[in-house]
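For clarity, every value in this text was computed on a predicted model and none was experimentally measured. Here is how names work: the chains are called A, B, and so on, in the same order as the sequence lines, proteins then strands, and each is numbered from 1.
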Amino acid sequence: MRYNEKELRALSRQPAEMAAELGMRGPKKGSVAKRRLVKLVVNFLFYFRTDEAEPLGALLLERCRVSQEEPGGFSISFVEDPERKYHFECCSQEQCQAWMEALRRASYEYMRKSLIFYRNEIQKMTGKDPLEQFGISEEARFQLTGTPRDGWSCIGSRLDALD
Amino acid sequence: MKLNKRSVAHYARSDAPADHTGFLRTWGGPGTPPTPSGTGRRCWFVLKGNLLFSFESPDGRAPLSLVVLEGCTVELAEAPVPEEFAFAIRFDAPGVRPHLLAADGQAAQEAWVKALSRASFGYMRLVVRELESQLQDARQSLALQRSSPWKVTATHRKPQAPDRCSPAWGNGHFLPRDHSPGCFTEEGGSRPAGRDPVERELQGPASLLRSRGQSPVSPETSCFSTLHNWYGQEIVALRHRWQQRVQGSQPEHERQDRP
């Protein structure tokens, strides 16, 4: 899968939601924790060597699971392989907590769910669709049902079998 | 630069909601010349949030490509061959070629341009925050309306018997916060330029709650009945003072419209 790496690098230079130097350990067995500059920008988590301007890598945070590990440490894994974990070590449980909360809210899917919730609540309370005034009530991304289109629904299970 | 490609590909194929899908002709990719030429390659595109994936077909197993849609603008474009319905995704990042795409028809072209130009994380975040604050307003407004049994309108008074007063101020009239464009205060239209003393006093409850450090809708507000009582007490006091003023200063069968 090709991706627009230049643009992603440029994104890593944008203002971050959160940034800190943390200990980071990759998912491979036997990997060692290293100090990395970790930066949360939109739904990506970038990580840098502490003295370099270009990111080493990025994690897309959609459908990820953030879990507390040891005190002051958390991990990120993804739904298709929950045991494959990226580990992070913080300097305190407070910092760890702050990062976990931020990462859980960092996905586009989370925002979409929040929006649908708020829209629904406002509609129930006021009888009005709050998106109408902006003229965006029909946009697909704001709809209550996120049903897949055209034969996508079976793809997930088929592919799991192939994997 | 590393990327968790396996997870990304899985997400692309998952049943996570797609914001737009369809066939598009695309130029660029491995084995293609740096300058777009020819008719391009027809692929199945799937937009999920700020991520644009392409597949060989709707049944495609693995995504061919991903375009992360941050820091970009979308505009109509000219294709290398006289191809109608082309558009380009242009990035601010230096040294990055625009991504050229073409739809099958004008409607599809317009739909794609619209969907892609609103695909950024920032746009979604903006709308979420706006709704979040609207929900807060709606909750405050609802709580106040429920505790008050009488009608008072800010700009004009309807003829009423003096002892039957029920307030129904427009949503947001009484809240002392700044109102940004497009927020919840259209109802009831105008706010009076100079607030009359009643309306000024009616600002009491919300700002009083805030000054006591309790937001009406925060998790710390113990329960709805507490909230209800709180507002209720304020309203009772205000009502009493209003009634006194009304009975003392105006004839019973006449109300004056205030500007």
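- Residues L142(B) and T126(A) form no side-chain contact, since every pair of their non-hydrogen atoms from C-beta on lies 4.5 Å or further apart.
- In this structure, K5(B) and Y3(A) have side chains that are in contact, with non-hydrogen atoms separated by less than 4.5 Å.
- A donor-acceptor contact closer than 3.5 angstrom links the side chains of Q133(A) and Q134(B).
- In this structure, M124(B) and F142(A) have side chains that are in contact, with non-hydrogen atoms separated by less than 4.5 Å.
- A distance of 11.0 Å separates NE2 in H20(B) from CD in E139(A), rounded to the nearest 0.5 Å.
- At least one side-chain heavy atom of R139(B) sits under 4.5 Å from a side-chain heavy atom of E121(A).
- With a 4.5 angstrom heavy-atom cutoff, S107(A) touches chain B only via backbone atoms.
- With a 4.5 Å cut-off on side-chain heavy atoms, R6(B) and D81(A) count as touching.
- Between chain B and the options A10(A), S12(A), P55(A), the largest number of non-hydrogen pairs under 4.5 Å is found for P55(A).
- Other residues, nucleotides and ligands contribute at most 12 non-hydrogen atoms within 6.0 Å of the CZ atom of R65(A).
- Of all heavy-atom pairs between L131(B) and L115(A), the closest is CD1-O, 3.9 Å.
- Neither the backbone nor the side chain of S54(B) comes within contact range of chain A; no heavy atom of the residue lies under 4.5 Å from a heavy atom of that chain.
- Residues Y108(A) and F121(B) share a closest heavy-atom pair of N-CE1, 3.8 Å.
- The neighbour count for F23(B) CZ, taken as heavy atoms of other residues, nucleotides or ligands under 6.0 Å away, is above 12.
- With contacts defined as side-chain heavy-atom distances shorter than 4.5 Å, the pair F44(A)/L3(B) qualifies.
- Residue contact with chain B, scored on non-hydrogen atoms closer than 4.5 Å, involves the side chain of E109(A) exclusively.
- If you measure heavy-atom distances from R112(A) to chain B, the contacts under 4.5 Å come from both the backbone and the side chain.
- L135(B) contributes atom CG, which lies 5.0 Å from atom CD1 of I122(A) (distance to the nearest 0.5 angstrom).
- Salt bridge status for R63(A) with D15(B): present, with a side-chain N to carboxylate O gap under 4.0 Å.
- The nearest pair of heavy atoms linking V68(B) to N4(A) is N-OD1, 2.9 Å.
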Verdict with reasoning, I136(A) to Y123(B), per side-chain contact (heavy atoms from CB on, under 4.5 Å): CA-CA 12 Å; I136(A) 54 178; Y123(B) 173 74; 3.6 Å; yes
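- The residue among L51(B), N50(B), D92(B) with the most heavy atom pairs within less than 4.5 Å of chain A is N50(B).
- Interface check for chain A: of the options R129(B), E132(B), H99(B), the most heavy-atom pairs under 4.5 Å are formed by E132(B).
- Looking only at distances, no side-chain donor or acceptor of K2(B) sits under 3.5 Å from a matching main-chain atom of L56(A).
- Applying the 6.0 Å contact sphere to CZ of R9(A) captures more than 12 heavy atoms from other residues, nucleotides or ligands.
- Of the possible donor and acceptor atoms, one in the side chain of E5(A) sits under 3.5 Å from a partner among the backbone N and O of M1(B).
- Salt-bridge check for E80(A) with R13(B): failed, with every basic side-chain N at 4.0 Å or more from each acidic carboxylate O.
- Considering only heavy atoms from C-beta on, L47(B) comes within 4.5 Å of R141(A) through its side chain.
- Residue E70(A) places its CD atom among more than 12 non-hydrogen atoms of other residues, nucleotides or ligands, all under 6.0 Å distant.
- Other residues, nucleotides and ligands contribute at most 12 non-hydrogen atoms within 6.0 Å of the CD atom of E56(B).
- Proximity to chain B (any heavy atom under 4.5 Å) is shown, for V41(A), by neither the backbone nor the side chain.
- Looking at Q14(A), neither its backbone nor its side chain comes within 4.5 Å of chain B, counting heavy atoms on both sides.
- Residues L66(B) and M1(A) are in side-chain contact: their nearest non-hydrogen atoms beyond the backbone lie under 4.5 Å apart.
- The heavy-atom pair separating V128(B) from M111(A) by the smallest distance is CG2-O, 3.5 Å.
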